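A short write-up of the structure that comes next.
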Amino acid sequence: MLRVIKALLGIALIMVGPMLIAITVDDTVWLKNILLRIIGVLSILQGVHLLHRQFHPHAYKRKPRNSK
């Protein structure tokens, strides 16, 4: 059940990210535009990370190294 919730959260983040990037406030609010784009990109990256971690869990497990 938790896996489904994390997958839905990842999908939601990926869908919300482009909307935040596309939002353009009045040109006089330059800093707000930049912050919205940064938050949008970060939400896309976080959503991709969540989905990748859900469906490829073995990519995140490290094999122990042999110490000599």
Side-chain angles (χ1 to χ4, degrees):
M1 183 66 178
L2 187 62
R3 187 175 187 166
V4 173
I5 292 171
K6 284 184 179 179
L8 290 174
L9 181 65
I11 292 170
L13 284 171
I14 291 173
M15 292 177 71
V16 168
M19 287 186 247
L20 289 175
I21 293 171
I23 291 176
T24 53
V25 188
D26 188 19
D27 289 336
T28 59
V29 192
W30 183 76
L31 185 62
K32 192 171 185 178
N33 285 337
I34 298 298
L35 288 175
L36 281 173
R37 288 189 177 133
I38 290 172
I39 292 170
V41 169
L42 290 177
S43 68
I44 291 172
L45 292 175
Q46 185 63 34
V48 168
H49 180 73
L50 273 174
L51 287 177
H52 189 265
R53 201 171 174 108
Q54 286 298 312
F55 296 110
H56 298 288
H58 300 295
Y60 292 91
K61 293 181 182 175
R62 292 188 170 227
K63 295 179 182 178
R65 292 183 179 181
N66 293 333
S67 299
K68 291 185 179 180

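In this text the structure is predicted, and so the values were computed from the model without any measurement.
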Quiz item: How would you list, by chain and number, every residue that makes a ring pair (Phe, Tyr, Trp, His ring centres under 6.0 Å) with His52, sequence neighbours excluded?
Solution: His56, Tyr60
Side-chain donor-acceptor pairs under 3.5 Å in residues 34-48, sequence neighbours left out?
| residue | atom | partner | partner atom | Å |
| --- | --- | --- | --- | --- |
| Ser43 | OG | Ile39 | O | 3.4 |
| Ser43 | OG | Gly40 | O | 2.8 |

Quiz item: Rounded to the nearest 0.5 Å, how far apart are CZ of Phe55 and CZ of Arg3?
Solution: 6.0 Å
Quiz item: Linking Ile, Leu, Val, Met, Phe, Trp and Tyr through side-chain heavy atoms less than 4.5 Å apart, which residues share a cluster with Leu2?
Solution: none
Identify each donor-acceptor pair in which a side-chain atom of residues 7-20 lies under 3.5 Å from a protein atom, sequence neighbours left out, and give them as a table.
none

